[in-house]
Asker: 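First the structure, which I've put down as structure tokens, then a few questions once you've had a look.
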2 protein chains.
Amino acid sequence: MPKRVDHSLRRLQIAEALWRIAASRGLEEVSMRQVAAEAGVSTRLVQYYFETRDRLLVEALALRNEYDRKRIESRLPEGASLKEAIRVLLLGLLPLDDESRQSTLIHLAYGIRAVNDRLLAEHVTNHAKPGLEDIVADMLRGAQAGAQLRDGLDLDREAATLLALSSGMTYDVLMGIRTADDAIALVDYNLRRVWRSESAT
Amino acid sequence: MPKRVDHSLRRLQIAEALWRIAASRGLEEVSMRQVAAEAGVSTRLVQYYFETRDRLLVEALALRNEYDRKRIESRLPEGASLKEAIRVLLLGLLPLDDESRQSTLIHLAYGIRAVNDRLLAEHVTNHAKPGLEDIVADMLRGAQAGAQLRDGLDLDREAATLLALSSGMTYDVLMGIRTADDAIALVDYNLRRVWRSESAT
DNA sequence: CCTTATGTGATACGATCGTATCATAAAACC
DNA sequence: GGTTTTATGATACGATCGTATCACATAAGG
């Protein structure tokens with residue numbers, strides 16, 4: 001046989017080509033031939049490693065989700081305060097650099113398709129925000145226990161608000177309707193709104 | 001010649017077929033033939049009324065924007081309070097009924113494509129939210145002049161927050177991740193947060 | 001060393017796509 | 001009433017698509 005090749009590496013190489021096409025030209029430009037050309041391999045190879053186009057789409061998304069998870073984990077602050085941790089988490093949802101911008105584009109492209117595709121919906125929704133609201137709400141409760149927060153807040157709803165705020169600005173930032181600085185300032189404004197003013201960052 | 005036909009009516013009929021396909025199966029299923037079949041006319045007719053596919057896409061969006069504008073205008077409350085007016089405006093952004101759900105799907109489909117299509121971007125962005133933030137901010141200033149709002153608010157940022165909150169919940173409601181009641185409750189929570197508690201609805 | 005399993009290229013098939021062309025029925029115009 | 005214009009159908013062309021098939025080179029296993 002020819003040189004035993006690392007399959008998972010080849011699959012990643014092809015998936016990355018798909019990511020580039022999906023982010024720059026949209027999911028509908030993702031054809032077996034286009035992906036092959038972008039990856040610099042023959043069409044047959046794409047068939048070999050991802051039987052069919054549907055499988056290619058689903059598995060390339062799974063690979064991206066895994067990729068993103070690692071990327072986000074590596075960004076989590078070490079000894080940061082709860083406020084800072086939530087801030088990093090919220091800003092992590094925004095397309096502020098090239099990589100997160102590409103992730104946003106990819107997930108948006110898959111997301112719109114998932115609305116009418118039950119199979120895809122599982123893959124998109126499951127790995128999307130599994131209880132992110134609960135995580136933020138718990139962090140807020142931790143801050144409240146430390147008396148860092150203002151009174152009279154509904155922490156579950158504040159968590160939901162903060163997260164919806166971030167994803168609500170996603171498209172605007174992507175299109176340049178809102179600048180990144182603007183988006184960050186709005187996140188900070190809402191964090192200041194929730195925290196006591198005298199509390200440390 | 002054959003019976004002189006109302007062109008704008010025929011164009012609307014074809015555009016409506018496109019809307020249905022775009023909302024139910026996605027923009028990439030919008031082909032001249034599919035639209036013709038959905039509209040119950042021959043492919044040639046679609047060519048006749050919208051020369052090319054690109055034009056069809058752009059002009060069908062323009063027609064939908066006009067359609068939505070009328071629909072939203074008709075929903076504006078008459079003698080409602082500022083708080084109620086803002087509430088209607090915010091809820092109007094959410095896919096809470098079949099028509100607004102279809103509008104959301106259509107604009108989402110066009111939006112993701114517009115990110116990488118400069119020509120389309122103009123048509124999508126221009127008619128999207130032309131200064132909606134300013135409108136809400138002005139309404140908030142009106143309410144503040146009536147001493148209805150809490151102290152210490154940055155009204156521009158509150159307006160931006162409210163709007164981002166609504167669009168941030170759009171996709172969740174669309175996918176059934178969040179119920180409509182949930183979304184409405186979160187909007188109301190944030191309105192209560194901004195208004196003085198004793199103020200009337 | 002020889003067989004066998006593995007990786008890759010070339011190519012072909014049928015479907016669908018956007019668009020162009022040709023034909024023609026029928027109402028409007030002089 | 002003949003002629004011109006308008007609306008519509010039928011169909012054809014070339015491109016691209018997903019997928020299947022066949023061939024074949026090469027390295028691993030005995």
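Numbered from 1 within each chain, the chains take letters A, B, ... in sequence-line order. All values derive from a computational prediction rather than experimental measurement.
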Asker: Under a 4.0 Å heavy-atom cut-off, which of residues 46-61 of chain B touch DNA chain D?
Answerer: B:Tyr48, B:Tyr49
Asker: Distance check needed: C:dT8 C1' versus A:His7 NE2, whole Å only.
Answerer: 11 Å
Asker: Would you mind listing every salt bridge (charged side-chain N to carboxylate O under 4.0 Å, His left out) that reaches into residues 32-48 of chain B, with sequence neighbours excluded?
Answerer: B:Arg20-B:Glu38
Asker: Taking atom CD1 of B:Ile72 and atom CG of B:Leu93, what is their separation to the nearest 0.5 Å?
Answerer: 7.0 Å
Asker: Expressed as a whole number of angstroms, how long is the span from A:Leu45:CG to D:dT21:P?
Answerer: 19 Å
Asker: Got a second to check how far B:Ile21's CD1 is from B:Gln34's CD, nearest 0.5 Å?
Answerer: 5.5 Å
Asker: What distance do A:Leu132 atom CG and A:Leu90 atom CG have between them, rounded to the nearest 0.5 Å?
Answerer: 8.5 Å
Asker: Measure from CZ on A:Arg44 to C1' on D:dT19 and round the result to the nearest Å.
Answerer: 10 Å
Asker: Can you list the residues that meet the side-chain hydrogen bond (donor to acceptor under 3.5 Å, both in side chains) rule with A:Arg71, with sequence neighbours excluded?
Answerer: A:Asp68, A:Ser103
Asker: Is it true that B:Tyr49 and B:Glu59 share a donor-acceptor pair across their side chains at a distance under 3.5 Å?
Answerer: no
Asker: How long is the span from the CG atom in A:Leu155 to the CD atom in A:Gln144, to the nearest 0.5 Å?
Answerer: 4.5 Å
Asker: OP1 or OP2 of D:dT8 versus the side-chain N and O atoms of B:Ser42: is any pair under 4.0 Å?
Answerer: no
Asker: For A:Asn116 and B:Ala23, indicate whether the former's side chain and the latter's backbone hold a donor-acceptor pair under 3.5 Å.
Answerer: yes
Asker: Looking at DNA chain D, which of residues 8-40 of chain B put a heavy atom within less than 4.0 Å of it?
Answerer: B:Arg10, B:Arg33
Asker: Mind checking what makes side-chain hydrogen bond (donor to acceptor under 3.5 Å, both in side chains) contact with B:Asn190, not counting sequence neighbours?
Answerer: A:Thr161, B:Arg193
Asker: Which dot-bracket notation, 5' to 3', represents the base pairing of DNA chain D when pairs are defined as Watson-Crick or G-U with both distances under 3.5 Å, crossing pairs as [ ], and inter-strand pairs as |?
Answerer: |||||||||||||||||||||||||.||.|
Asker: Are any side-chain N or O atoms of B:Arg75 and backbone N or O atoms of B:Val88, one a donor and one an acceptor, separated by less than 3.5 Å?
Answerer: no
